[in-house]
Structure formats: structure tokens, C-alpha cells
Amino acid sequence: MPAHTTHVPPAEAVTPTEAVAPLLRGIAVLRRLTEAPDGTLSLSALEKTTGLARSTVDRLTATLARMGYVRLDGRDVTLAPCLMELGNAYLAALRLPALLSARADALADELDESVSLAVGDRDGVRFIHQATRRRAMSLSFRIGDLLPAERTAPGPLFATQWTDPDWHRWRSRRAADPADRTFPAVPPRQHPTPDDDFVLRTTTAASDGYALDDQLIEPGLVALSVPVRDLRDPGTGRLACVASVVSHTSRHTAPDLRTTLLPRLRAAVTAMETDLRTAPPPAPGPPRTDLATWTGASKQELGREFVESLARGLTVLTAFGEGRSALTLTQVARATGLARATARRALITLTHAGLVAPAPDATFTLTPRVLSLGFPPLSRTSLPEIAQPHLTALADRVHESTSLAVLSDSGEEIQYTARASAPHVLSARVTLGTRLPAHATALGRVLLAHPQVRARGYALVDEELEAGLRAIAVPVHDRTGRVTAAINVATHPARRTPTACETELLPELSRTATAIEADLRVAGRFVHVPPT
């Protein structure tokens, strides 16, 4: 291992003269929101935590809201599911979740333990896939969470390939933050360990080909990790990622994990490496060449409140994806529709922010740090949470109550999972969790998909469940096209006739379902979105 020497500052310590300041400020806003509980901060809290002027915060958040990346609710700003498209671009370009997640999920089922995939992010470890078991004692880590390398099982495996500057950076971070307070995903360190402990664990991992975490994160948590290598170029031995089995000491001790589960983990990793070696090259999808046009139109409509340089800079991240893992400046400009000079300044800024890295052949690639832009809190978003703001907006527009429901396991009942009320003395009021017969409700008939309902695309129920209740419902599809839920608008017959429900409510209801589906497509690309 390299000897301790003086600290080498990271490249982003000095801001390049060509960096786009509004883009850096917008990234700072997104990072503060990512670190906040539930991804929400007030405008005044953002002003305080970023050190930006309130007027600047207002313009940045208005721009991010226009992009669909945040929601503005009075004085609060909340991360929105559409922001996950940035992390999706990184994960799609990486390809590892698409190629390896099924193996990880199968191993979790076989062992009845949690299994994760992680990549190295400088001197940290960042998760790219989680197959978590549902137990009273279960993991709270999320996709995109960053952990200090020395407190994990994957960390020593990644450190076997660190360079001298990597070790300098790690030692400097340890000295500046001995309690790991810059890692919100882990509890603060109570008793810092000597640097030599991690150096020894790294040496041992290099020799053994695996690594253990014996309650380094917190008491009771143990993990076993094995490297997944990219064998397409056997001479390099490059780590593609690290696969880990995670448990707690009531089920396994760390030595027991090694003795009992290491052979099966290694077998799964061998299969993963075969999948990587034999996977056909990805076919790139069509580039989003209308992005520059969209940002220009938004600037013309909103004027000073829309920070076009922020929007254009973030859209550069979406130029990457499956089949587009490494792009030249010219390719980025072509994929986004931006002028070459604009794309160049954006890439300089994103490189400075650690979101993009130069690669061979004058190309650029996304880094795991892109996941720090909202992905961890949003990766645990449920369908009701995605739908709620859309239902609230629908209720405000039509002045009627609206609900989201899913079909029960028996298929005979619906269960209400989200709702928004209207300001009427007489309105449909249903408690969340309530179950009703599916055949007697508009929601249920959509979910059961009877022939006439499937053909029309909606169901209208007129005082069948209860006198004085008229409701119309439409389906909500997941990213595979499967009907996963339904939404309705309920009214009293005195307020709207059946014809009025179809001409006035149905278009608004369909518009809302489309908006929920759009969020669901983004949120569900690499993450399972719970229906309840």
C-alpha cells in the first residue's frame, strides 16, 4: 500500500473560468434537497444551506419545476420522480443493473438474505441495485446511497485498485471528517479506527478475493462481498462492480457468512461475469434532439424566471444512456441539439462537479455521482406517493374528490391507497385502506378489465354502490403496459349527469392518468415501485 504523503486536492477545488455558474448552483440545490428528509426543504432553508440569494433560489427552483424535477408547494420544494431520469441515464449507460439485477434478485431469493450491487465512487461505495428482504429488521440503504469505503465490505475490494491520489484523497477525507458526517446514509462513527486497519483489510481482500464487514456500519450489521470483474479484457482484471450478501448477527455472524454463503455468492458472481462477457453490444436509442428547442421555448415563455443555462446543462446528462456510455463533444451536441460551444461549457461544468469524467478517445462518461442528484430518496417512492400530487391537482381542477386504488390479492376487492378531497359539504369520503367490492365500483371494473370497459378505456358507475354516488374511472399503466392501478372522480348526481362525467371529467381524468404514468415510467425503470 502507498505510504502516507501530503494531500493532493481534488480537481474540482478550483472552478474553471468557463464553468457555468447557474448550473453549479442548480446542482447544489438538488444535492441539498437529496440530503433533506423526504427530499423536501423550504425556500428559506435552501437559501440558508446553499448560501445563495433568495431571488437566485426562486429562479433556480422555478426552472427545476418547469423541467419536472421538483414540485413547488407554497414555500416548500420537493424532489419529483422525473428527476430520476438523470440517474437512469447513468444506470442505462453503465448497463450493470440491466445485465446483473436478475442474478442478484435470484440469489436473494435463494439465500433469503439481502443482496446488493455496488460501484466505487472515489473513496466511497455507491449502490446501484438492492434486493432487500422484507423483515422487521431490514436494510434502509437505497440505490444511489454513498457509504465510506472503509466501513463496508465492498470498500477494500475497490481499494485494491486505488492509485496514489485515491489513497491521498481518502486519508484527507478521513482527517477532515473523522465521524463520517458527510455521509448521511450511515450513522456517525463513534470510534474512529486507524488508517492502517483499512490498509490491512485491503491487502487481505486482494489475497482472499472477498471481503467482510463485521458490524462496521453499525452494531448487528454484517456483510460479505465478492468482486464482479469485466472479463471482456482479461488482462486488466477491472472491477465492474461488487456483489454483497447483507444480513444481521441474529441470523449470521460475519465468519458464518463466509463459511456458509461464500460458495453460493461466488457461483452467482461467476454467472454474472459470464453474462457480462457474453452480452451483445447495446443498440443505442434515438437521441433527444428537441431538448435545446424545448429550453429555448421555455425561456421565451417564462423570461427571467427560467434559467436556460441550468436547464441546458442538466439535459446534457440525458444525452448518455444505453449504447451511449461514452460520447464525444460533437455527439453530445448532436444528441441534445445544443450548440457545440454550449455543450462544451456544460461538459466542463459537469466535469468540475464530478458528474462527468473524461474518457479515452476524447470522449466523456457519466460518473456514479450522478445518482447523488435525487436518486436515493426517490428510489423508495411508492405509487401512491407518485400519484398524490397529481390527484390533488385534479381535485383542484374539477372540484370533485378523486382516488387511486389497486386490486386486492383475491381480485374481488379494491383497496384505496391515495385520495384528494374537494371542498363540498356533500362529497365522496373514503378512508385510505378501505376495501370495497370490485364489481360494484368504477375503479374495480377498470382493474378487472371487462370487455366493454377495456374497449372504451374507462368505466362509469351510476349509483350502483350507493345511492347518490356517481363515479368515473380510468386505468393507470406501468412501464410494461400492464394495468397496475386505477383513478376515479366521484360526484353526486345533482352536480353532474353521466354525459357531463364523460365530457367534462373524463378528459381531465385521462390527462391525470397520463401524467402519473409518465412519472411511473421514469421511476420504475431501474427500481421496483410498490403499488401501496
Side-chain angles (χ1 to χ4, degrees), residues 33 36-43 46 58 61-62 64-84 374 377-378 380-406 414-434 436 441-443 446-447 458 469-478 484-492 495-496 500-501 504-524 529-532:
L33 288 169
D38 301 320
T40 300
L41 284 176
S42 67
L43 290 166
L46 276 173
D58 289 344
T61 53
L64 293 171
R66 176 72 169 194
M67 300 180 75
Y69 289 173
V70 303
R71 292 195 314 272
L72 301 180
D73 183 11
R75 296 179 179 274
D76 289 337
V77 184
T78 302
L79 296 175
C82 187
L83 178 62
M84 294 178 74
L378 292 170
R380 291 287 178 90
T381 303
S382 66
L383 176 56
E385 291 170 325
I386 289 174
Q388 187 60 59
H390 297 290
L391 296 180
T392 301
L394 174 61
D396 289 343
R397 291 197 305 270
V398 302
H399 308 293
E400 299 286 1
S401 296
T402 178
S403 301
L404 173 83
V406 297
I414 61 166
Q415 179 180 354
Y416 288 85
T417 57
R419 68 183 310 274
S421 300
H424 289 296
V425 174
L426 187 64
S427 64
R429 299 188 185 277
V430 181
T431 304
L432 294 184
T434 295
L436 295 175
T441 65
L443 289 163
V446 165
L447 291 168
Y458 69 94
L469 179 63
R470 181 172 290 154
I472 187 169
V474 299
V476 174
H477 301 84
D478 63 15
T484 189
I487 58 172
N488 80 342
V489 172
T491 185
H492 189 275
R495 290 202 294 269
R496 281 186 171 90
C501 288
E504 298 172 9
L505 298 181
L506 182 57
E508 292 290 346
L509 196 57
S510 298
R511 172 184 164 191
T512 300
T514 298
I516 294 172
E517 289 170 349
D519 280 352
L520 195 54
R521 280 195 299 273
V522 176
V529 179
T532 58

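Counting from 1, the numbers follow the sequence of the chain as shown.
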Under 3.5 Å, which donor-acceptor pairs do the side chains of residues 381-389 form with other protein atoms, sequence neighbours left out?
from: T381; atom 1: OG1; to: L378; atom 2: O; distance (Å): 2.8
from: S382; atom 1: OG; to: E385; atom 2: N; distance (Å): 3.4
from: S382; atom 1: OG; to: E385; atom 2: OE1; distance (Å): 3.3
from: E385; atom 1: OE1; to: S382; atom 2: N; distance (Å): 2.8
from: Q388; atom 1: NE2; to: T392; atom 2: OG1; distance (Å): 3.3
from: Q388; atom 1: NE2; to: R419; atom 2: O; distance (Å): 3.0

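Inter-residue side-chain proximity for L41 and V77 is flagged as unmet; no heavy-atom pair is nearer than 4.5 Å. Inter-residue side-chain proximity for L83 and V70 is flagged as unmet; no heavy-atom pair is nearer than 4.5 Å. With contacts defined as side-chain heavy-atom distances shorter than 4.5 Å, the pair H399/R495 does not qualify. Residues L46 and L33 form a side-chain contact, since some pair of their non-hydrogen atoms from C-beta on lies under 4.5 Å apart.
For L79 against G374, the heavy-atom pair with the smallest separation is CD1-CA, 3.8 Å. The shortest non-hydrogen separation linking T491 to C501 is CG2-SG, 4.1 Å.
With sequence neighbours left out, the salt bridge (charged side-chain N to carboxylate O under 4.0 Å, His left out) criterion links E517 to no other residue. Qualifying side-chain hydrogen bond (donor to acceptor under 3.5 Å, both in side chains) partners for R71, counting only residues two or more places apart in sequence or in other chains: none. Qualifying side-chain contact (heavy atoms from CB on, under 4.5 Å) partners for D478, counting only residues two or more places apart in sequence or in other chains: T480, R482, T484, L520. Annotation: side-chain hydrogen bond (donor to acceptor under 3.5 Å, both in side chains) contacts of T512 (sequence neighbours excluded): R397. By the side-chain contact (heavy atoms from CB on, under 4.5 Å) test, V474 pairs with Y458, I487, L506, L509, S510, A513, sequence neighbours left out.
Rounded to the nearest 0.5 Å, atoms CG (L72) and OG1 (T78) are 8.5 Å apart. Atom CD of residue E400 and atom NE2 of residue H492 lie 10.5 Å apart, to the nearest 0.5 angstrom. Rounded to the nearest 0.5 Å, atoms CG (L404) and CD (Q415) are 10.5 Å apart. With rounding to the nearest 0.5 Å, the separation of CD1 in I472 from CG in N488 is 9.5 Å.
Applying the 6.0 Å contact sphere to CG of D73 captures no more than 12 heavy atoms from other residues, nucleotides or ligands.
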Mind running side chain to side chain contact (heavy atoms under 4.5 Å, CB included) on E508 and V489 for me, showing each step along the way? CA-CA 10 Å; E508 292 290 346; V489 172; over 6 Å; no
